[in-house]
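Working notes for the structure below.
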Amino acid sequence: MLDRRYSKEIIPSLDGSQTILMGWVHEIRDLGGIIFILLRDREGIIQVTAPSKKTSKELFKKLRKLKKEYVIEVQGTVKKSPKAPRGVEIIPSNVKVLAESQQPLPLDPTGKVKAELDTRLDSRFLDLRRPEISAIFKIKSKMLHFVRVFLEKEGFIEINTPKLVASATEGGTELFPITYFEREAFLGQSPQLYKQMMMASGLDKVYEIAPIFRAEEHDTPRHLNEVISIDIEAAFMNHEDVMKILEKLIVKVIKDVKRHCKDELEILGRELETPKLPFERLEYEEVVEIVNSSGVHLKHGEDLSRAAEKALGETMPGYYFIKSWPTNIKPFYVMPKEDDPNKSYAFDLMYRDLEVSSGAMRVHEHDLLVERIKRQGLNPISFKSYLSAFKYGMPPHAGWGLGAERFTMALLDIKNIRETVLFPRDRRRLTP
RNA sequence: GCCCUGGUGGUGUAGGGGCUAUCAUGCGGGCCUGUCGAGCCCGCGACUCGGGUUCAAUUCCCGGCCAGGGCGCCA
């Protein structure tokens, strides 16, 4: 029995050899005396050519019955031919129909007729049959792989923290409530508290790549209610240490993606540039100046408005950090500066006008943490199990969270985050 | 949640108070031995939902739902 080959593996030098291919009928061009079938599989498209003279009547009849997107198995001979796309084609000796496809299709996998994003998401499995769509997810897969390889090499240990959580009292973002037997529970908005607790465990450096859930009613091309967060936390490190890890990771992953996803990047027409290290570090105060001098009003102490982000993005071309954020617009666990408690050791990593990551050196002193929780209008009692980790030897630590989808958008210059998720969850979409 | 724009065959579109509702692709049938956005001929298939105005609404008005863009929210 012959092994199955992918279309990409069929090259002119295999001329004369027998092969088996499995895939979908991408297009059929029936010219009467000769039938061309474009067979599509994960790796590409190969032409199956059946001239009536060289094809049995039985097989020719069978080929004529094929329709678009049928799943077929083709057994045949590789033939080198300058007339064929890529210089090679398959002369079939046998074709098996493995699955039929209803007509008409909900959208056109050849892409000749454009479909809107909404239509595409409704039939995502068909949408993924277009190479320029599957390329996004092949690259996202590699990106996550290279992130893991990098972090493991840096000595990080992968952990898994619960996504079913008890507390809704962390403040800030809205949580999705769920029924947990006779109690109410919530979907986790961030592994933040758990990964910090791990700093008291002696594991030193941990990371998690997992979904986070936010019940915000945001409705923008940059937000979803379920995304993948790449989180790290490292003991005995400060903000600058983890910023260095972050920028190193970004550069390494870009290099790896460039090297290992050449075909996909070409399909997407994306020329990736490797950023230079170190990334520029802007003080929050500098950012306020830049934004204001560009004509967009921004008060000292305020978070960036969308207009401010855009103004910044105009000035700053690639990846850059914003550091020394005002303490009171950042979460309770960020460490205020000792000499100026109104400023903090929090930072954001931006790509042009898009926030891709945020992190900080954390508060590791129990009493200060309690005070910070109170100052934010939250109740320390609801943080009892979290706080107890700070009582028995909590080392200084720092960490960050990097949005996997936002990073994918930056990598591939994608404008709508929905393009980077197989089955996105937004304000209205819950299916498929 | 707010503002703007829109919703017409399976898909993407044109149009518009009364006419056989445009075009492409698709789908069905026919012709064709080198297609590669194949070509040619015949046919099929649609006005988002609810209410209102009107002799008449797919078209105008109001509302819902949905989409795209912008913003807000996003410890």
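Here is the naming used below: chain letters follow the sequence lines, and residue numbers restart at 1 for every chain.
Along RNA chain B, the nucleotide closest to A:N416 and the one closest to A:E309 are compared, and the more 5′ of them pairs with A:N416. Take the nearest nucleotide of RNA chain B for A:E217 and for A:L121: the residue whose nucleotide is more 5' is A:E217.
On the P atoms, B:rG10 is 15 Å away from B:rC44, given to the nearest whole Å. Comparing the same atom, C1', in B:rU8 and in B:rC3 gives a spacing of 26 Å after rounding to whole Å. A distance of about 11 Å separates the C1' atoms of B:rC49 and B:rC66, rounded to the whole Å. Rounded to whole Å, the P atom of B:rA24 lies 26 Å from the corresponding atom of B:rU33. Here, B:rG51 and B:rC73 have their P atoms 39 Å apart, quoted to the whole Å. Taking the C1' atoms as reference points, B:rC61 lies 23 Å from B:rC2, given to the whole Å. B:rG18 and B:rC47 have their C1' atoms separated by 16 Å, given to the nearest Å. Distance check on atom C1': B:rG6 versus B:rC19 gives 27 Å, rounded to whole Å.
Using the Watson-Crick or G-U wobble rule with both distances under 3.5 Å, B:rG68 pairs with B:rC4. B:rG9: no Watson-Crick or G-U partner with both key distances under 3.5 Å is found in any strand. Searching all strands for a Watson-Crick or G-U wobble partner of B:rU33 with both distances below 3.5 Å returns nothing. The base-pairing partner of B:rG43, taking Watson-Crick or G-U wobble contacts with both distances under 3.5 Å, is B:rC27. Across all strands shown, B:rU53 has no partner, as no Watson-Crick or G-U wobble contact with both distances under 3.5 Å is found. Figure legend. B:rU22 is base-paired to no nucleotide; pairs are counted as Watson-Crick or G-U wobble with both atom distances under 3.5 Å.
Rounded to a whole Å, the CZ atom of A:F383 is 13 Å from the P atom of B:rA75. Across the protein-nucleic acid pair, A:R120 atom CZ and B:rC66 atom P stand 20 Å apart, rounded to whole Å. Distance CD1 (A:I329) to C1' (B:rC73): 15 Å, rounded to an integer number of Å. Distance A:H218 NE2 to B:rG70 C1': 16 Å, rounded to the nearest Å. Across the protein-nucleic acid pair, A:L175 atom CG and B:rC74 atom C1' stand 12 Å apart, rounded to whole Å. As rounded to whole Å, 15 Å separates atom C1' of B:rG10 from atom CG of A:D118. Atom-to-atom, CG of A:D127 to P of B:rG12 comes out at 12 Å; the value is rounded to the nearest Å. Nucleotide B:rG37 holds its C1' atom 13 Å from the CD1 atom of A:I45, rounded to whole Å.
At a threshold of 4.0 angstrom between heavy atoms, the contacts of A:Q376 are confined to the sugar-phosphate backbone, with no base atom among them. Here A:D303 lies out of heavy-atom contact (under 4.0 Å) with every strand. At a threshold of 4.0 angstrom between heavy atoms, the contacts of A:K310 are confined to the sugar-phosphate backbone, with no base atom among them.
Of the candidates B:rG12, B:rA75, B:rC66, B:rG12 carries the atom nearest the A:E116 side chain, counting heavy atoms from C-beta on. Nearest to the side-chain atoms of A:A115 among the listed nucleotides B:rG12, B:rA75, B:rG72 stands B:rG12. Taking the side chain of A:P221 as heavy atoms from C-beta on, and the options B:rG70, B:rA75, B:rC74, the nearest nucleotide is B:rG70.
Side-chain atoms of A:D41 come within 3.5 Å of backbone N or O of A:S7 as a donor-acceptor pair. A:R406 contributes no side-chain N or O that, together with a main-chain N or O of A:L354, makes up a donor-acceptor pair within less than 3.5 Å. Remark: the backbone N or O of A:F60 is not paired with any side-chain donor or acceptor of A:T55 at under 3.5 angstrom.
Here A:K244 does not pair with A:D241 in a salt bridge; the nearest charged N to carboxylate O distance is not below 4.0 Å.
In the interface, the side chain of A:H223 is paired with the base of B:rC74 through a donor and an acceptor atom under 3.5 Å apart.
The two atoms that bring A:E132 and A:L268 nearest to each other are O-CD2, 3.2 Å, heavy atoms only.
A:D353 is linked by a salt bridge (charged side-chain N to carboxylate O under 4.0 Å, His left out) to A:R306, counting only residues two or more places apart in sequence or in another chain.
Side chains of A:L38 and A:R40 form no contact here, defined as non-hydrogen atoms less than 4.5 Å apart. Residues A:M197 and A:Y386 are in side-chain contact: their nearest non-hydrogen atoms beyond the backbone lie under 4.5 Å apart.
Each of A:H364, A:E233, A:R362, A:H397 was evaluated against A:Q196; a single residue qualifies, A:H397, per the side chain to side chain donor-acceptor pair (under 3.5 Å) test. When the options A:I209, A:T408, A:V253 are evaluated for a side chain to side chain contact (heavy atoms under 4.5 Å, CB included) with A:L144, the one that passes is A:I209.
Listed by residue number, the members of residues 422-432 of chain A with any heavy atom below 4.0 angstrom from RNA chain B are A:R427, A:R428.
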N/O-N/O pairs, protein side and nucleotides 26-29 of chain B side, under 3.5 Å:
from: B:rG28; atom 1: OP1; to: A:K67; atom 2: NZ; distance (Å): 3.2

Cut-off 3.5 Å, no hydrogens considered: what does the side-chain donor-acceptor table look like for residues 334-342 of chain A, sequence neighbours left out?
from: A:K337; atom 1: NZ; to: A:S324; atom 2: OG; distance (Å): 2.8
from: A:E338; atom 1: OE1; to: A:Y345; atom 2: OH; distance (Å): 2.6
from: A:D340; atom 1: OD1; to: A:N342; atom 2: N; distance (Å): 3.4

Treating primed atoms plus P, OP1 and OP2 as sugar-phosphate and everything else as base, which nucleotides of nucleotides 30-36 of chain B get B, S or - for protein heavy atoms under 4.0 Å? --BBBBB

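Neither OP1 nor OP2 of B:rC71 sits under 4.0 Å from any side-chain N or O of A:S305.
Around the NZ atom of A:K163, the shell of radius 6.0 Å holds more than 12 heavy atoms that belong to other residues, nucleotides or ligands.
Ring geometry, A:Y319 versus A:F407: the interplanar angle exceeds 60°, so the pair is classed perpendicular (tilted spans 30 to 60°).
Annotation: salt bridge (charged side-chain N to carboxylate O under 4.0 Å, His left out) contacts involving residues 6-18 of chain A, sequence neighbours excluded, comprise A:K8-A:E43, A:K8-A:D263.
Side-chain polar atoms of A:E184 and A:T179 form no donor-acceptor pair below 3.5 angstrom.
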